[in-house]
Amino acid sequence: MSRGRGFSDQDRAGAPRVTVISESAARRFWPGEDPIGRRVWFGAGTGFGHPDSSSEIIGIVGDVTYQPLDRAPNAASFYTPFRQFTYAWRTYFVRTGGDPVALVRAVRAAVRAVDPNVPMAEVMPLRDLIGASWSRNRFDAHFYGGFAAVALVLAATGVYSVLAYAVRRRDREMAIRLAVGASPAAVFRLVVGEGMGLPLAGLAAGGLLTAVVLRLVRGSVYGLASGSPWVPLVAGLVLVAVATLACALPALRAMRTEPQTALRTD
């Protein structure tokens, strides 16, 4: 409770109607003012559809997220005591110390003991309810991640194959370099440096599309701002690491070339 008071046993049918509002509602409808003590009424069909049936604001509470986390939060929330106003359906949360599924039968029996005609629907642990709300986002993440992994493997295989073929054709050149005094480390740096040219050029071109990619990914990843630098940075580092590995394998072969063997076979 930020300000004011919460509901009490006195807030029942026949007593003056009261309501508690969220901090977002206070900022939206009463900016710079104290809404406690003000009277509000709601739309038709709610029981508060006319000024004569208004309720008094008695407290302000923090905002609660009712929508999935990737959607905009509620702009305003108003709470009323169920003894004065409620919908035909209600939602109950039961805090348990163990497995909540094990208590479902006991909860059903308790509700049936009060009123056997009251049905219970969508009884599930809170973790399952939250997980179901993220099913689409989870599918999108796995779908895009699968394609990204395949693309990464294909790119690494392509870089490795092209560079391995090029190094193989330059066995005589590498043998001559080693024979005239070039160090194996210098040969390694030469091969990796030339092989990384194309991947780095591709990364530079892909960086121009970062803004577009972030807009597509933002809807599937909670907490990702459109201008967040982490996604392109991490993706770039992964691609550089994979390209370096694909170049390093042929470079290791080149630096181990035996000059006598390579020149004799050529």
Side-chain angles (χ1 to χ4, degrees), residues 1-97 100 103 107 110-111 114-115 118-138 214-215 217-228 230:
M1 181 67 63
S2 300
R3 280 182 289 168
R5 69 171 180 88
F7 301 129
S8 65
D9 292 338
Q10 285 69 37
D11 301 321
R12 58 180 64 235
R17 290 180 167 180
V18 294
T19 185
V20 172
I21 67 175
S22 64
E23 293 177 348
S24 292
R27 289 191 300 267
R28 178 180 178 182
F29 297 107
W30 296 276
E33 303 178 21
D34 184 6
I36 295 180
R38 301 292 185 90
R39 305 194 67 83
V40 295
W41 63 92
F42 309 95
T46 64
F48 290 146
H50 190 273
D52 293 341
S53 59
S54 62
S55 59
E56 179 184 355
I57 299 175
I58 60 173
I60 302 175
V61 295
D63 295 329
V64 177
T65 302
Y66 293 102
Q67 302 294 335
L69 298 178
D70 59 340
R71 299 183 186 177
N74 292 347
S77 297
F78 293 77
Y79 305 95
T80 56
F82 74 93
R83 291 178 176 176
Q84 292 185 343
F85 162 77
T86 186
Y87 289 100
W89 53 267
R90 299 176 185 176
T91 301
Y92 288 93
F93 293 88
V94 179
R95 177 178 294 177
T96 66
L103 294 178
V107 172
V111 173
V114 175
D115 189 342
V118 174
M120 291 180 58
E122 298 184 3
V123 181
M124 65 182 70
L126 185 59
R127 62 176 181 271
D128 294 345
L129 180 63
I130 296 176
S133 69
W134 282 99
S135 58
R136 181 185 65 83
N137 306 78
R138 191 179 301 109
L214 282 179
R215 290 181 182 273
V217 177
R218 184 183 182 185
S220 300
V221 181
Y222 168 66
L224 178 64
S226 59
S228 174
W230 294 109

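Just so it is clear, the structure is predicted and the values come from calculations on it, not from any experiment.
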**Message:** Minimum heavy-atom separation for Gly37 and Glu56, please, with both atom names.
**Reply:** CA-OE2, 3.8 Å

**Asked** Given side chains that start at C-beta, do those of Pro81 and Val18 come closer than 4.5 Å, heavy atoms only?
**Response** yes

**Request:** Could you tell me which residues satisfy side-chain hydrogen bond (donor to acceptor under 3.5 Å, both in side chains) with Ser2, sequence neighbours excluded, listed by chain and number?
**Result:** Glu23

**Shortest non-hydrogen separation from Trp30 to Ile57 and the atoms involved** = CH2-CD1, 3.4 Å

**Request:** Taking the side chain as every heavy atom from C-beta outward, state whether Thr19 and Val40 have any atom pair closer than 4.5 Å.
**Result:** yes

**Request:** Output all residues satisfying side-chain contact (heavy atoms from CB on, under 4.5 Å) with Ser135, sequence neighbours left out; order by chain, then residue number.
**Result:** Arg138

**Distance-minimising heavy-atom pair for Ala13 and Gln84** = N-CG, 4.2 Å

**Request:** Under the side-chain contact (heavy atoms from CB on, under 4.5 Å) rule, collect the residues that match up with Tyr92, sequence neighbours excluded.
**Result:** Arg90

**Request:** Just jot down the side-chain contact (heavy atoms from CB on, under 4.5 Å) partners of Arg3, sequence neighbours excluded, or say none.
**Result:** Asp34, Pro35, Ile36, Ile60

**Prompt:** Who passes side-chain hydrogen bond (donor to acceptor under 3.5 Å, both in side chains) against Glu33, sequence neighbours left out?
**Reply:** Arg38

**Request:** Taking all heavy atoms of Arg17 and all of Ser54, pick out the closest pair and write down the distance.
**Result:** CB-O, 3.9 Å

**Item:** Non-neighbouring partners of Arg95 that pass side-chain contact (heavy atoms from CB on, under 4.5 Å), sequence neighbours left out
**Value:** none

**Non-hydrogen atoms of Arg12 and Arg83 that approach each other most closely** = NH2-NH1, 2.9 Å

**Complete:** Rounded to the nearest 0.5 Å, the CZ atom of Phe29 sits from the CD1 atom of Ile21 at a distance of 9.0 Å

**Fill in**
By side-chain hydrogen bond (donor to acceptor under 3.5 Å, both in side chains), Arg5 pairs with (sequence neighbours left out) Asp11

